[in-house]
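Order of the sequence lines sets the chain letters (A, B, ...), proteins ahead of strands, with each chain counted from 1. Keep in mind the model is a prediction, meaning the values are calculated, not measured. All values below were derived from every heavy atom in this structure, side-chain atoms included, with hydrogens, water molecules and symmetry-related copies excluded.
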Amino acid sequence: MSLDRETLKAIWKVVSEIPPGYVLAYGEVATLAGYPKGARMVSRALGAAPKAMRLPWHRVINAQGKIAFPKDSAGWKKQRDLLEREGIQFLKGRVDLQRYGWKGVVDQLIWGDEMPLA
DNA sequence: GGGCTGACCTACT
DNA sequence: CAGTAGGCCAGCC
């Protein structure tokens, strides 16, 4: 499989569907786009996204709830700023996926558990 | 083709 | 919770 136009489109679509204030892990984006093992392709797809489409790339983080960039890089600070601007709080340098994870929210809605978010 | 790299992930120590 | 190891897959020598 390669990053052809269709693949990129599928990944970009998933990312663009993430509502403000929520995040999704690379692996989950890959799965929803139809590539369960394609987590690494997602990172490439994000980097290949045209700046003009204003893709919410900052809502994509790794499965550990952490930003994928080195914490001392410019990209790291920028992503964190964008996320906090949407109301996402960082605890110990990490995002609480149970609370801000988009898929997690869907699951909670389905299973109807006690969910902390409004 | 062969080998290395990476905005990754899971499992184990 | 931090580090390590193995697995994955596409891109670039």
Side-chain angles (χ1 to χ4, degrees):
Chain A
M1 198 60 77
S2 62
L3 282 181
D4 52 25
R5 190 115 176 60
E6 293 305 308
T7 306
L8 288 174
K9 221 173 80 173
I11 293 175
W12 290 339
K13 179 176 174 57
V14 172
V15 175
S16 66
E17 298 288 324
I18 304 173
Y22 290 99
V23 296
L24 211 51
Y26 288 89
E28 293 179 324
V29 172
T31 298
L32 292 176
Y35 299 88
K37 306 305 175 69
R40 308 193 84 139
M41 295 200 313
V42 175
S43 64
R44 286 192 173 286
L46 293 185
K51 190 176 181 179
M53 81 166 55
R54 283 174 193 58
L55 194 73
W57 59 272
H58 56 280
R59 296 184 197 142
V60 183
I61 60 180
N62 67 25
Q64 301 171 40
K66 296 191 294 188
I67 292 175
F69 288 113
K71 62 179 180 308
D72 46 17
S73 70
W76 187 92
K77 289 194 289 286
K78 177 163 188 181
Q79 184 168 10
R80 168 162 179 162
D81 182 61
L82 289 170
L83 290 175
E84 289 186 323
R85 190 175 300 180
E86 293 185 348
I88 294 177
Q89 298 175 18
F90 281 73
L91 303 175
K92 301 291 187 297
R94 287 174 298 170
V95 172
D96 185 348
L97 293 178
Q98 282 295 307
R99 180 157 159 176
Y100 301 111
W102 188 32
K103 190 178 188 307
V105 171
V106 176
D107 286 343
Q108 289 180 16
L109 286 175
I110 294 176
W111 307 124
D113 275 327
E114 69 281 61
M115 46 193 290
L117 56 88

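Counting only heavy atoms from C-beta outward, the side chains of A:Leu24 and A:Val15 never approach each other to under 4.5 Å. Side-chain contact between A:Trp102 and A:Pro19 is present, with at least one heavy-atom pair separated by less than 4.5 Å.
Hydrophobic cluster membership differs between A:Leu91 and A:Ile67, with clusters built from Ile, Leu, Val, Met, Phe, Trp and Tyr side chains linked at under 4.5 angstrom.
Atom pair A:Leu32:CG and B:dC9:P shows a separation of 13 Å (rounding to whole Å applied). Distance, A:Tyr35 OH to C:dG7 P: 24 Å, rounded to whole Å. The distance between atom CG of A:Leu83 and atom P of B:dA7, rounded to the nearest whole Å, is 18 Å. Rounded to an integer number of Å, the gap from A:Ile11 CD1 to C:dC9 C1' is 11 Å. Rounded to whole Å, the distance from NZ on A:Lys37 to C1' on C:dG6 is 13 Å. Rounded to whole Å, the distance from CG on A:Leu3 to P on B:dG6 is 17 Å. In this structure, the NZ atom of A:Lys78 is 17 Å from the P atom of B:dA7, given to the nearest Å.
With hydrogens and angles left out, the side chain of A:Arg40 and the base of B:dC8 share a donor-acceptor pair within 3.5 Å.
Proximity of residues 42-64 of chain A to DNA chain B (heavy atom under 4.0 angstrom from any strand atom) is restricted to A:Ser43, A:Trp57, A:Asn62, A:Ala63.
Of all non-hydrogen atoms in A:Ile18 and A:Arg59, the two that sit nearest each other are O-NH1, 2.7 Å.
Comment: A:Lys77 does not engage A:Asp81 in a salt bridge, judged by the lack of any side-chain N to carboxylate O separation of less than 4.0 angstrom.
Checking each of A:Leu55, A:Val42, A:Thr7 against A:Trp12 for a side chain to side chain contact (heavy atoms under 4.5 Å, CB included) leaves exactly one that passes, namely A:Leu55.
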